[in-house]
Amino acid sequence: MGNRKTQKWCLQASNMVEEQIIGRDVKDARVLAAMTSVPRHLFVPEEYEGSAYIDRPLPIGQRQTISQPYMVAKMTELLSAEPGMKVLEIGTGSGYQSAILAAIGLRVWSVERVESLARQAQERLRSLNFNVSVVYGDGRNGYPNEAPYDRIIVTAASSRVEPPWDQQLLLNGRLVVPLSVMTGGQRLLMRENLERGFRNTWHDYCRFVPLLIGVD
Ligand code: SAH
């Protein structure tokens, strides 16, 4: 029976990758492999297990959500990270994005402002053997204890690039963040720390829960 269940989610995960991710032009082979291999249904509340692989964000409690699979894949591709790199995530939530980063061989630190979510995500990631350190705190400060990072990914919508994120990024490092834009809504920003200064490029419009101030 356990076997049949494994077959079922593996099939759902490969369909998800085929239709929602390759279908929308994400190409990075490491990202596609990670999205196929990580059991997303173990990162959602039990009542949503049957919907874990659909093309939507889903509620995870505390008024927060696990991001839509495509957004996770797109942001991970924009990071363009190599195995062994150090990455900081802001907004652990369910821990799914962290698991994807760990699955491509990154060393991951992830900051979450809701204590119960941080604790659950850490337990879940540990039980699935993902190499992720979850930190309870306000990610607007980054996480100076482990800085600098090769990559920083923010998974809640911010009104600006917080100065500590720039400061904690290595030279040639990259930051990916959904920023609120003047025209309304949010847009993915990819920011590179180049020798001659920071360079911004703009990508998909998106819809994330807001980055909040302080801890809960
Ligand atoms: N990456 C998550 C989805 C994140 S939802 C996943 O894969 O499931 C956004 C998360 O950011 C929420 O859990 C929210 O509590 C958290 N968050 C919001 N503001 C924050 C802040 N200032 N510091 C750290 N986490 C924050």
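In each ligand, atom 1 is the first atom listed, and ligand 1 is the first ligand listed. Predicted, not measured: the structure shown is a model, and the values here were computed from it.
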Legend entry - Shortest non-hydrogen separation from Met75 to Phe208 and the atoms involved: SD-CZ, 3.5 Å
For each nitrogen or oxygen atom of ligand 1, which protein N/O atoms lie closer than 3.5 Å, and how far apart are they, rounded to 0.1 Å?
| residue | atom | partner | partner atom | Å |
| --- | --- | --- | --- | --- |
| ligand 1 | 1 (N) | Glu89 | OE2 | 3.0 |
| ligand 1 | 1 (N) | Gly91 | O | 3.0 |
| ligand 1 | 1 (N) | Thr155 | OG1 | 3.1 |
| ligand 1 | 7 (O) | Gln97 | N | 3.1 |
| ligand 1 | 8 (O) | Ser94 | N | 3.0 |
| ligand 1 | 8 (O) | Ser94 | OG | 2.6 |
| ligand 1 | 13 (O) | Glu112 | OE1 | 2.7 |
| ligand 1 | 13 (O) | Glu112 | OE2 | 3.4 |
| ligand 1 | 15 (O) | Glu112 | OE2 | 2.6 |
| ligand 1 | 19 (N) | Leu212 | N | 2.9 |
| ligand 1 | 22 (N) | Asp138 | OD1 | 2.9 |
| ligand 1 | 22 (N) | Leu212 | O | 2.7 |
| ligand 1 | 23 (N) | Gly139 | N | 2.8 |
| ligand 1 | 25 (N) | Arg113 | N | 3.3 |

Legend entry - Glu146/Arg107 salt bridge by N-O under 4.0 Å criterion: no
Legend entry - Non-hydrogen side-chain atoms of Phe130 and Val38 separated by less than 4.5 Å: yes
Inset, instruction - Sort and list the pairs that fulfil side chain to side chain donor-acceptor pair (under 3.5 Å) and have at least one residue in residues 73-84, not counting sequence neighbours. - result: Arg30-Glu82, Thr76-Gln97
Legend entry - Salt-bridge criterion met for Asp216 and Arg63 (N-O under 4.0 Å): no
Inset, instruction - Report yes or no: does Glu89 contribute a side-chain atom to a donor-acceptor pair with the main-chain N or O of Gly95 at less than 3.5 Å? - result: no
